[in-house]
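Report on the following structure.
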Amino acid sequence: MSMQAQSQRDLAAKALIKNDWPLVENNGLTLLFSPLLSEYKNLTHAFTTRLGGKSAEPINSFNLGKHWEGDDARADAVKNRQTLCRIFDLPFENLIVPHQVHSRNVAWITEHQDLPETDGAATVDSHFPILLQFADCVPVILFDRVTEAVCVVHAGWRGTAAGISSYAANMLASVLNSQTKNIVAAIGPAIGKCCYPTGLDVKAKLETTTSANSSDLINWKNDVPHPDLKAFNALQLYEAGVSEVDVCNRCTSCQSDIFYSHRQSGGKTGRQGALAAIKNKAQR
Ligand SMILES: [Zn+2]
């Protein structure tokens, strides 16, 4: 085997590693934190679950999405976003929440703004906490240890097939003249290959995003491919030069008592969040 083939095989094996993230009770909510990102004291981050809050069935009980019909449901989602910001001492009025559409668009934030058709947001400015929403899709938080810039990405299969994670890593590095080796990343709870049957077309598109042999990233059951979306995003990040990726081992569909799962619920469900912000001087 050539050295290049060997190193690509090593990257694929590395991308498949998953870690235990404990559930943490915090102010009535149940949250998850990446052990890797927790090492960086100037970064605030959290992954929410469906536990906590008072959102009504079937989006019980800590829904952050405004997608659900009805003024009460939308007001409740806003209240939950406020609660989340208050817990982490973040300015809710400046919260950046992109309108996600499964694109590869990542915005660089320097002012409070509306973000149509955007699936990632990045900033180095502590005034702008960033929140994206999920129900099976893959949440990714990237942090540049040198420039202290952060990016939050929403990667479903379409975003993953479009290479949004590697795009975000390259963007985060290039805007501030940094290098991708300065970036660490966390991949939060998402649907696992245990629960994610797809078409052959989806499998083929995912495989085009990496030059490594990604056959180990596909689980086959009854001739149906079940891709490991978390691992595809981790592999993209490693290939882009990101130094370390901490991948949560929890499957949102297997654990639909803890997480919102689009697949498990038949689409009728709420949204959990991935939140990140740079700490201001007073918080450090
Ligand atoms: Zn599962």
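Just so you know, ligand 1 is whichever comes first in the structure, and atom 1 is the first atom listed for that ligand.
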> Please walk me through it: do K18 and D228 pass salt bridge (charged side-chain N to carboxylate O under 4.0 Å, His left out)?
Replying inline: CA-CA 11 Å; K18 311 257 185 322; D228 185 333; 2.8 Å; yes
>> Quick one about S126 and N280 (side-chain donor to acceptor, distance below 3.5 Å, no hydrogens or angles considered), yes or no?
In response: no
> Residues in side chain to side chain contact (heavy atoms under 4.5 Å, CB included) with C248, at least two apart?
Replying inline: W21, P189, R250
> Taking H112 for the side chain and L95 for the main chain, is one N or O donor matched with an acceptor at less than 3.5 Å?
Replying inline: yes
>> Does either side chain, that of Q100 or that of T118, offer a donor lying less than 3.5 Å from an acceptor on the other one?
In response: no
> With no hydrogens and no angle check, do the side chains of E117 and S103 hold a donor and an acceptor under 3.5 Å apart?
Replying inline: no
> What protein atoms of element N, O or S are positioned under 2.8 Å from the Zn ion (ligand 1)?
Replying inline: C194 SG, C195 SG, C251 SG, C254 SG
